[in-house]
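Below: the structure, in structure tokens.
Chain identifiers are assigned alphabetically (A, B, ...) following the order of the sequence lines, protein sequences preceding nucleic acid strands; residue numbering begins at 1 within each chain.
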Amino acid sequence: MANDSNKFQAIISHCKEYGFIFPSSEIYDGLSAVYDYGQYGSELKKNIRDYWWKWMTQLHENIVGIDAAIFMHPTTWKASGHVDNFSDPMIDNKDSKKRYRVDHLIEAHAETLPKEEGEALLAKMDQFLAKEDFGGLKSFIEENKIKCSVSGTCNWTDVRQFNLMFSTEFGAVSGEGDDNMVYLRPETAQGIFVNFLNVQKTGRMKIPFGIAQVGKAFRNEIVARQFIFRMREFEQMEMQFFIRPGTQKQWYEYWKEERMKWHLSLGIPASRYRFHDHVKLAHYADAACDIEYDFPIGFKEVEGIHSRTDFDLRNHQEYSKKKMQYFDNETDEAGKPYGNYIPYVIETSIGLDRTVMMVLSEAYEEQDLSSPEKQDSRVVLKFPPKLSPVKLAILPLMKKDGLPEIARQLMDECKASFRCFYEEKDTIGKRYRRQDAIGTPFCVTIDHQSKEDGTVTIRHRDSMLQERISIRDVKELVEKSIQ
RNA sequence: GCGGAAGUAGCUCAAUUGGUAGAGCGAUAGCCUUCCAAGCUAUAGGUUGCGAGUUCGAGACUCGUCUUCCGCUCCA
């Protein structure tokens with residue numbers, strides 16, 4: 001049995017070996033922190049995405065979905081704070097090899113000085129930062145003899161920019177300067193905010209209501225490792241819930257609970273989850289927490305729930321000069337309508353790729369099936385049936401005597417309703433184990449008795465138990481289990 | 001980015017002190033089989049990560065380079 005540190009590696013290998021996840025551009029040695037989903041991985045991912053989408057939009061009557069473009073007007077990212085807050089200059093100490101954010105380094109130094117001197121230092125720093133004068137910043141650090149806390153030296157590299165956002169050029173002709181630069185979105189949320197009015201008006205949405213979206217987002221990471229856990233290109237499943245100002249506390253609590261219900265509905269025990277409250281809040285939030293799952297590499301964030309106040313809509317109103325207001329006809333305790341306001345927002349944001357990783361981690365199991373007579377083992381992915389890439393494997397016991405024909409008939413009957421897999425090669429046990437490895441919940445075997453009385457053996461993945469049922473009941477049994 | 005380790009078939013690994021690259025599993029095709037992997041036969045698959053160098057001769061030795069893993073660093 002793999003221990004936890006090996007389990008992560010084992011899952012990665014398994015994913016590659018059975019067509020779930022491959023390193024991107026592998027024939028060219030791969031591309032760091034980018035991965036491709038293979039034939040089963042893409043099914044699994046799609047099933048998770050669909051389940052989330054249905055749960056959020058179909059089961060919550062006041063939530064609708066959109067699909068905004070990845071390209072957005074560059075001003076979007078000024079309004080959201082991404083341009084200013086996430087392009088931090090960095091500097092490395094050549095002796096200790098330690099890397100610092102320049103502002104953190106100078107701030108730490110300022111704290112050691114008398115108050116007035118420290119403030120003067122920070123004011124000067126802000127001037128350099130505002131001008132993006134990196135050369136000046138370096139000299140400034142050297143003049144003030146700011147040292148590395150590890151090496152104690154002043155031996156610094158040049159100041160370099162860390163860019164969170166990927167940028168590209170808009171327009172067919174390159175080299176026309178910064179005017180043509182657009183970013184690949186670093187989060188999907190802004191696509192919802194810029195469409196707030198469109199959706200609210202055309203959908204006649206009344207507060208409280210939500211807008212959901214699933215889509216790709218792109219971020220440069222300083223250290224990009226840990227498989228699909230931290231990727232440069234990743235997929236988010238987000239919902240922004242618009243509410244009346246002052247009610248954010250109660251809705252924040254509501255969505256914490258509601259989202260946890262979703263997680264538990266995957267059949268994952270509550271003990272594998274925990275909430276982690278943010279102490280240091282991001283620039284847009286007045287409350288925030290993560291839902292963390294106990295991965296083989298420890299508890300890690302899968303989903304974030306943030307109370308974003310009216311930060312985003314207010315900023316978009318300021319930058320776009322368009323009113324981001326909602327007129328609330330409902331009356332308060334005094335009998336007066338609430339009137340015009342910029343809604344507050346509760347955000348739920350879950351990483352789809354991380355959820356795939358979570359579902360894989362939970363499902364992956366190496367089992368020792370040895371008996372006194374014989375050594376035996378299997379690897380099984382115990383997915384919830386509704387998430388399994390393949391729902392049913394149809395296996396004629398032998399490829400003769402008319403058994404394949406019966407199997408093909410069943411295949412034709414079922415394949416329009418859910419994904420089936422047909423196989424007549426190899427011994428039956430081998431075929432069962434191959435299906436275990438990709439997490440297929442059911443296998444049916446057609447034998448000679450099937451010809452006589454129309455029954456088949458259905459074999460259950462987790463228990464490995466077999467039962468005899470009518471071939472006519474197979475489809476319904478599978479359908480019930482994947483609802 | 002730094003330090004350490006490792007790159008040989010799809011996977012796991014061999015290959016005497018430098019002398020023509022092999023095996024098991026897997027895959028494919030067939031045979032045999034009445035229900036839980038490792039029965040039989042055949043076949044395919046490798047410029048030993050890449051590039052130089054030393055040598056009569058390099059998978060092995062030297063240098064460079066790329067990638068991966070582990071640790072450090074960084075991270076809303």
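- The NZ atom of A:Lys425 sits 16 Å away from the P atom of B:A37 (whole-angstrom rounding).
- For the pair A:Arg354 and A:Phe229, the cation sits on the ring face: its NZ or CZ lies under 6.0 Å from the ring centre, inside 45° of the axis.
- Residues passing the side-chain contact (heavy atoms from CB on, under 4.5 Å) test with A:Ile291 are A:Arg259, A:Met260, A:His263, A:Tyr273, A:Phe275, A:Glu303, A:Ile305, sequence neighbours excluded.
- Between A:Asp353 and A:Lys45 there is a salt bridge, with a side-chain nitrogen of the basic residue lying less than 4.0 Å from a carboxylate oxygen of the acidic one.
- In this structure, A:Phe20 and A:Tyr40 have tilted ring planes: the angle between them lies in the 30° to 60° band.
- For the OP1/OP2 pair of B:A27 and a distance below 4.0 Å, the side-chain nitrogens and oxygens of A:Arg434 include at least one atom meeting the criterion.
- Here the side chain of A:Asp376 is nearest to one of B:C36, B:U34, B:A37, namely B:A37.
- A:Ser377 comes within contact range of at least one nucleobase, with a heavy-atom separation under 4.0 Å.
- Between the CZ atom of A:Arg433 and the C1' atom of B:C36 there is a distance of 5 Å, rounded to whole Å.
- For B:C74 and B:C2, the C1' atoms lie 13 Å apart once the distance is rounded to whole Å.
- To the nearest whole angstrom, the two C1' atoms, one in B:G10 and one in B:A27, are 8 Å apart.
- Comparing B:U68 with B:C56, their C1' atoms sit 36 Å apart, to the nearest whole Å.
- The CE-P distance, from A:Met398 to B:C35, rounds to 9 Å in whole Å.
- Between A:Lys475 and A:Glu413 there is no salt bridge, since no side-chain nitrogen of the basic residue lies less than 4.0 Å from a carboxylate oxygen of the acidic one.
- Across the protein-nucleic acid pair, A:His14 atom NE2 and B:G26 atom C1' stand 14 Å apart, rounded to whole Å.
- The gap from the P atom of B:U8 to that of B:A15 amounts to 14 Å, rounded to the nearest Å.
- At a cut-off of 3.5 angstrom, the base of B:C35 holds no donor-acceptor pair with the side chain of A:Arg459.
- Applying the salt bridge (Lys or Arg N to Asp or Glu O under 4.0 Å) rule to pairs touching residues 392-409 of chain A yields nothing, sequence neighbours excluded.
- Both A:Pro186 and A:Glu26 lie near RNA chain B, and the one whose nearest nucleotide falls closer to the 5' end is A:Glu26.
- Taking atom CD on A:Glu301 and atom P on B:A76, their separation rounds to 12 Å, with Å as the unit.
- As rounded to the nearest Å, B:A9 and B:C35 have C1' atoms that lie 34 Å from one another.
- An OP1 or OP2 oxygen of B:G26 is reached within less than 4.0 angstrom by a side-chain nitrogen or oxygen of A:Lys430.
- For the P atoms, the distance linking B:C50 with B:G7 amounts to 14 Å, nearest Å.
- If you take atom P in B:U62 and the same atom in B:U55, they sit 16 Å apart, rounded to whole Å.
- The residue among A:Ile12 and A:Tyr432 whose nearest nucleotide of RNA chain B is located toward the 5' end is A:Tyr432.
- Considering only residues two or more places apart in sequence or on other chains, A:Asp453 meets the salt bridge (Lys or Arg N to Asp or Glu O under 4.0 Å) condition with none of them.
- What separates CD of A:Gln367 from C1' of B:A37 is a distance of 13 Å, to the nearest Å.
- You'll find that the side chain of A:Gln9 is closest to B:C69, out of B:A37, B:A76, B:C69.
- Using a 4.0 Å heavy-atom distance criterion, A:Arg468 is classed as a base contact.
- Counting any heavy atom pair closer than 4.0 Å across all strands shown, A:Glu17 reaches no nucleic acid atom.
- Taking atom CG on A:Asp401 and atom P on B:C32, their separation rounds to 11 Å, with Å as the unit.
- Closest approach to the A:Lys400 side chain among B:U33, B:C75, B:C35 is made by B:U33 (side chain taken as heavy atoms from C-beta onward).
- On the C1' atoms, B:A23 is 23 Å away from B:G18, given to the nearest whole Å.
- Proximity of A:Gln435 to the phosphate of B:C36: no side-chain N or O atom is located under 4.0 Å from OP1 or OP2.
- Helical stems of RNA chain B (runs of at least 3 Watson-Crick or G-U pairs, donor-acceptor distances under 3.5 Å) are listed by first residue: B:1-7 with B:66-72, B:10-13 with B:22-25, B:27-31 with B:39-43, B:49-53 with B:61-65.
- Judged as a salt bridge (Lys or Arg N to Asp or Glu O under 4.0 Å), the pairs with a partner in residues 11-21 of chain A (not counting sequence neighbours) are, in order, A:Lys16-A:Glu26.
- Atom CG of A:Leu465 is separated from atom C1' of B:C35 by 13 Å (rounded to the nearest Å).
- Annotation: salt bridge (Lys or Arg N to Asp or Glu O under 4.0 Å) contacts of A:Glu347 (sequence neighbours excluded): A:Arg308.
- Candidate nucleotides B:A76, B:U34, B:A38 were compared by shortest atom distance to the side chain of A:Thr427, and B:A38 ranks first.
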